[in-house]
Asker: 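The structure follows.
We're numbering straight along the sequence, starting at 1.
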Amino acid sequence: MKRASVKQLGQSPFVNMGPIELRQPIPTRSIEMVDPFVLLHHYGPYEISAESNPFDLGPHPHRGFEPITFLIQGEQLHRDSLGNESVVKSGDVQWTTAGRGIIHAEGPTKEFVERSGTLEGIQLWLNLPASKKMIPANYQHVRDEDFAVFQGEDGLSAVQVIAGQLGETPGKIETQTPVNAYMIKLQKGAELNLPLAQSHYSLLYLLHGAVNVNEQYNLMEKADQLVTFEQDGDGFSLKATADAQLLFLSGEPFHEEIASWGPYVMNTQTEIMEALRDYQMGKMGYLSVTAG
């Protein structure tokens with residue numbers, strides 16, 4: 001394996017999003033995006049209870065990209081204008097293709113709020129190419145136990161293959177463009193080599209713990225938590241210096257102009273104005289404020 005060079009290291013600074021504070025490793029001043037990934041939020045861990053529930057996002061629209069949730073801890077209710085309603089639990093993934101438009105709402109379930117607990121997750125915005133921005137909306141929810149898992153040779157590592165492929169291990173999510181998404185869990189001392197598709201732009205984000213990358217760079221909480229790779233190698237190596245959990249993402253870049261505003265990711269400002277108009281005219285569907 002020829003190790004790919006590290007392109008950039010990035011931190012995961014806190015930003016305010018309405019009533020909540022969350023980490024935002026993409027975009028930052030130094031890393032605007034990793035084409036085709038335009039935004040990555042790491043929310044939580046929040047202690048949710050009847051007295052404290054700031055993470056309850058009412059109905060809101062999206063167009064032109066795929067909003068994706070990797071739920072790390074807790075329980076969320078998803079509802080959308082396609083008629084889907086599902087409870088997303090720890091380890092589950094919900095992969096929404098907004099396409100021409102969808103309205104959805106998400107937040108901790110009533111039962112979870114009543115019994116109290118910890119909520120944590122990753123919200124990822126995966127861009128769609130111009131040719132697919134206006135495709136019909138779609139929603140996929142895959143449970144934690146339904147993903148295939150690749151086990152490392154040392155018995156100390158497990159890679160959940162969410163989308164794409166890892167060797168002979170397939171992902172469960174059907175993607176619109178070539179994408180790999182893995183959730184990696186390492187016990188302290190684990191050593192793991194993972195392949196890279198050289199045509200992809202790739203990133204690795206540390207949620208918890210500490211790892212060494214390519215025997216050269218250290219990722220740890222409250223320091224560098226993100227690494228991006230050059231396209232000059234066919235893999236990278238990890239060594240866990242503590243129990244760790246990481247998200248790996250790679251995808252074919254589009255190299256297209258992006259115009260974004262609020263919940264829309266398009267190619268031109270004219271398309272943003274069209275999205276605003278279409279939402280106001282009800283062309284993205286309807287969703288009640290409350291479930292049921």
Asker: Side chains of residues 53-62: which donor-acceptor partners sit under 3.5 Å, not counting sequence neighbours?
Answerer:
{"unit_1": "His60", "atom_1": "ND1", "unit_2": "Gly58", "atom_2": "O", "d": "2.8"}
{"unit_1": "His60", "atom_1": "ND1", "unit_2": "His104", "atom_2": "O", "d": "3.2"}
{"unit_1": "His60", "atom_1": "NE2", "unit_2": "His62", "atom_2": "NE2", "d": "3.4"}
{"unit_1": "His60", "atom_1": "NE2", "unit_2": "His104", "atom_2": "NE2", "d": "3.0"}
{"unit_1": "His62", "atom_1": "ND1", "unit_2": "Pro263", "atom_2": "O", "d": "3.1"}
{"unit_1": "His62", "atom_1": "NE2", "unit_2": "His104", "atom_2": "NE2", "d": "3.2"}

Asker: Sorted by first residue and then second, give each ring-ring contact (aromatic ring centres under 6.0 Å, His included) pair with at least one member in residues 151-171; sequence neighbours left out.
Answerer: none

Asker: Which residue pairs satisfy the salt bridge (Lys or Arg N to Asp or Glu O under 4.0 Å) criterion with at least one member in residues 87-98, sequence neighbours excluded?
Answerer: none

Asker: Going by the rule ring pair (Phe, Tyr, Trp, His ring centres under 6.0 Å), which residues pair with Phe112 if we only count those two or more places apart in sequence or in a different chain?
Answerer: none

Asker: Can you name the ring pair (Phe, Tyr, Trp, His ring centres under 6.0 Å) partners of Tyr139, sequence neighbours left out?
Answerer: His78

Asker: Would you list the atom pairs, donor with acceptor, under 3.5 Å between side chains in residues 159-173 and any protein atom, with sequence neighbours excluded?
Answerer:
{"unit_1": "Gln160", "atom_1": "NE2", "unit_2": "Asp144", "atom_2": "O", "d": "3.3"}
{"unit_1": "Gln160", "atom_1": "NE2", "unit_2": "Asp144", "atom_2": "OD1", "d": "2.6"}
{"unit_1": "Gln165", "atom_1": "NE2", "unit_2": "Gly167", "atom_2": "O", "d": "3.4"}

Asker: Is the shortest side-chain heavy-atom distance between Val179 and Leu249 below 4.5 Å?
Answerer: no

Asker: With sequence neighbours left out, which residue pairs that include part of residues 5-28 fulfil the ring-ring contact (aromatic ring centres under 6.0 Å, His included) condition?
Answerer: none

Asker: Just jot down the side chain to side chain contact (heavy atoms under 4.5 Å, CB included) partners of Ile135, sequence neighbours excluded, or say none.
Answerer: Thr97, Lys132, Gln176

Asker: Do the rings of Trp95 and Phe70 sit parallel, tilted or perpendicular, given the 30° and 60° boundaries?
Answerer: perpendicular

Asker: Under the side chain to side chain contact (heavy atoms under 4.5 Å, CB included) rule, collect the residues that match up with Ser260, sequence neighbours excluded.
Answerer: Ile258, Val265

Asker: Let me have the donor-acceptor pairs involving side chains of residues 235-245, under 3.5 Å, with sequence neighbours excluded, atom names and distances please.
Answerer:
{"unit_1": "Ser237", "atom_1": "OG", "unit_2": "Arg3", "atom_2": "NE", "d": "3.4"}
{"unit_1": "Ser237", "atom_1": "OG", "unit_2": "Arg3", "atom_2": "NH2", "d": "3.4"}
{"unit_1": "Ser237", "atom_1": "OG", "unit_2": "Asn214", "atom_2": "N", "d": "3.3"}
{"unit_1": "Thr241", "atom_1": "OG1", "unit_2": "Ala210", "atom_2": "O", "d": "3.2"}
{"unit_1": "Asp243", "atom_1": "OD1", "unit_2": "Lys188", "atom_2": "N", "d": "2.8"}

Asker: side-chain hydrogen bond (donor to acceptor under 3.5 Å, both in side chains): which pairs involve residues 272-283, sequence neighbours left out?
Answerer: Arg63-Asp278

Asker: Can you pull the side-chain hydrogen bond (donor to acceptor under 3.5 Å, both in side chains) pairs that have at least one residue in residues 118-130, sequence neighbours excluded?
Answerer: His42-Glu120, Glu47-Thr118, Thr69-Gln123, Gln73-Glu120, Glu120-His208, Asn127-Lys133

